[in-house]
Amino acid sequence: MNTNKTQLFNIGFDEFAQWLKSKSQAKYRANQVYQLAIKGYEFDDMQTLPKALRQMLSENFIAQAAPIYDVYKSQIDETEKFLYKLSDGNIIEGVLMKYHYGYTLCISTQVGCKMGCTFCASTLNGCERNLTAAEMFGQVISANKHIGDKGNVGHIVLMGSGEALDNYDNTIAFLKLVHNENLLNIGYRNISISTCGLVPAIYRFMEEDIPATLSISLHAPNDEIRMQTMPIAKVYLMDSLMDAARAYVKKTGRRVIFEYAAIDGVNCSGQHAIELADRLKNLQCHVNLIPLNKVEERQLNPPSNNNINAFMDKLKSLGVSVTKRRSMGNDIEGACGQLRNKKLLLEKEK
Ligand code: SF4
């Protein structure tokens, strides 16, 4: 990381204002700079600032912590995938989806991931480092700049590369930044945080006064199958994960979302539906069923439409609230981490 410069949104507004004051700048400059940076301006492009101030800011701060480096547009829907280049040269990816209610941005929380889920491309090279709050915030700013006058990101899902709760403090700082009414003012209820099931972090998160949606990647009806695809399942057994989910619902009054990637021949038979329904009995929750995005590097495939529908119908008949999530942007390296891996490979071959 470029250690000489501070990412602007990594220091609080008051600290930044204090810094400007120490440089004999007028009080209103702090807000002026913040508002321009939120619009995606680099310091050099902030023409309403005196040149000397622009230069001083450039020498000390990074305005845009995650500028877009490459854009891939889906040919089958309006999904766009971004590669962002960080100031240390690392590349991360994100996905912008357009729904009838507006834009949803899927952001990354780490460079890579160490959790090792076998169906995921993000983890193939491990975790390089945590993202800072400013780098997560920067992904939203850059997406808004890309959207331009067509709208703004209204919903955020922390489901890109990385395990959000493994980067706990920065994730919480990011949520507060993005929710700040003087910054992007995105409602917590429009934000979903995904975890592969870090039980202690779930208990910690329920104590925060942050009513975002908690999504738990379950992907299996029992420990045996979960352990085959998610190494974290060996650390926290399903019983303890379910206890944490129940405690979360009790504490917050909000339901939990379970993400369930259906994998052909692995986790979506009729018997699996019965087992899963039993696990979720009397738990205020919803299951998001997702046909697995095929990852070339792994020998796992999505089930046929008929099979996934049969699995969903069985769950419904057993009283489980479940919907099948539409896969978006499948023609542009659908699974998280795939696009970044491909880009890194191409750069290596150059
Ligand atoms: S699915 Fe999520 S937690 Fe699992 S390896 Fe991929 S990014 Fe990490």
Side-chain angles (χ1 to χ4, degrees), residues 81-84 86 90-95 105-131 135-136 139 156-168 170-171 174 191-202 204-205 212-220 223 225-236 238 241 244-245 256-263 266-267 287-302 325 327-330 333-344:
K81 299 211 173 181
F82 304 137
L83 289 177
Y84 305 90
L86 308 178
N90 269 308
I91 292 173
I92 53 168
E93 67 177 70
V95 187
L105 183 68
C106 176
I107 71 156
S108 292
T109 54
Q110 295 177 313
V111 181
C113 183
K114 66 174 181 228
M115 294 299 154
C117 304
T118 58
F119 47 80
C120 175
S122 293
T123 195
L124 290 170
N125 298 314
C127 178
E128 181 78 25
R129 68 169 174 86
N130 284 333
L131 295 190
E135 287 166 338
M136 295 183 224
Q139 294 171 59
I156 296 172
V157 293
L158 283 73
M159 292 184 188
S161 297
E163 160 59 49
L165 296 185
D166 185 45
N167 183 11
Y168 191 90
N170 290 346
T171 293
F174 159 69
I191 302 175
S192 291
I193 299 177
S194 173
T195 177
C196 63
L198 300 187
V199 168
I202 293 173
R204 194 174 166 197
F205 184 61
T213 300
L214 181 69
S215 286
I216 298 176
S217 299
L218 195 60
H219 306 321
D223 282 317
I225 296 177
R226 203 159 186 266
M227 284 176 193
Q228 285 170 27
T229 52
M230 303 180 75
I232 195 70
K234 294 176 188 151
V235 183
Y236 304 111
M238 267 179 95
L241 183 56
V256 166
I257 304 293
F258 288 108
E259 304 291 335
Y260 199 100
I263 309 172
V266 174
N267 64 357
V287 175
N288 259 340
L289 198 54
I290 321 140
L292 179 82
N293 270 313
K294 193 169 165 45
V295 177
E296 289 303 331
E297 296 87 341
R298 313 279 202 197
Q299 307 306 314
L300 299 170
N301 294 300
R325 206 166 68 193
S327 276
M328 296 181 80
N330 264 352
E333 307 300 331
C336 87
Q338 276 183 310
L339 199 55
R340 172 175 173 262
N341 288 350
K342 198 169 215 176
K343 191 76 182 176
L344 293 179

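Along the sequence shown, residues carry numbers from 1. We count ligands from 1, going down the list as the structure has it; atoms in each ligand are counted the same way.
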Heavy-atom nearest option to atom 6 (Fe) of ligand 1, drawn from Gly126, Ala121, Cys120 | Cys120
Taking only non-hydrogen atoms of Met115 and a 4.0 Å limit, the atoms of ligand 1 in range are 3 (S), 8 (Fe)
Are Asn301 and Leu292 close enough, and set up right, to give a side chain to side chain contact (heavy atoms under 4.5 Å, CB included), and what steps lead you there?
-> CA-CA 7 Å; Asn301 294 300; Leu292 179 82; 5.7 Å; no
Has Cys117 got an N/O/S atom less than 2.8 Å from atom 4 (Fe) of ligand 1?
-> yes
Determine whether the side chains of Glu163 and Thr195 contain a donor N or O and an acceptor N or O closer than 3.5 Å.
-> yes
Apply side chain to side chain contact (heavy atoms under 4.5 Å, CB included) to the pair Met159 and Val95, showing each step before the final yes or no.
-> CA-CA 10 Å; Met159 292 184 188; Val95 187; over 6 Å; no
Selected option - heavy-atom contact closest to atom 2 (Fe) of ligand 1, from Ala261, Gly162, Cys196 | Gly162
Evaluation steps, side chain to side chain contact (heavy atoms under 4.5 Å, CB included), between Thr171 and Phe205 | CA-CA 11 Å; Thr171 293; Phe205 184 61; over 6 Å; no
Show which atoms of ligand 1 fall inside a sub-4.0 Å distance from at least one heavy-atom site of Cys113.
-> 3 (S), 5 (S), 7 (S), 8 (Fe)
Scan Asp166, Thr123, Asn167 and name whichever one has a side chain to side chain donor-acceptor pair (under 3.5 Å) with Gln110.
-> Asp166
Which ligand 1 atoms does Thr123 reach within 4.0 Å, using its non-hydrogen atoms?
-> 5 (S)
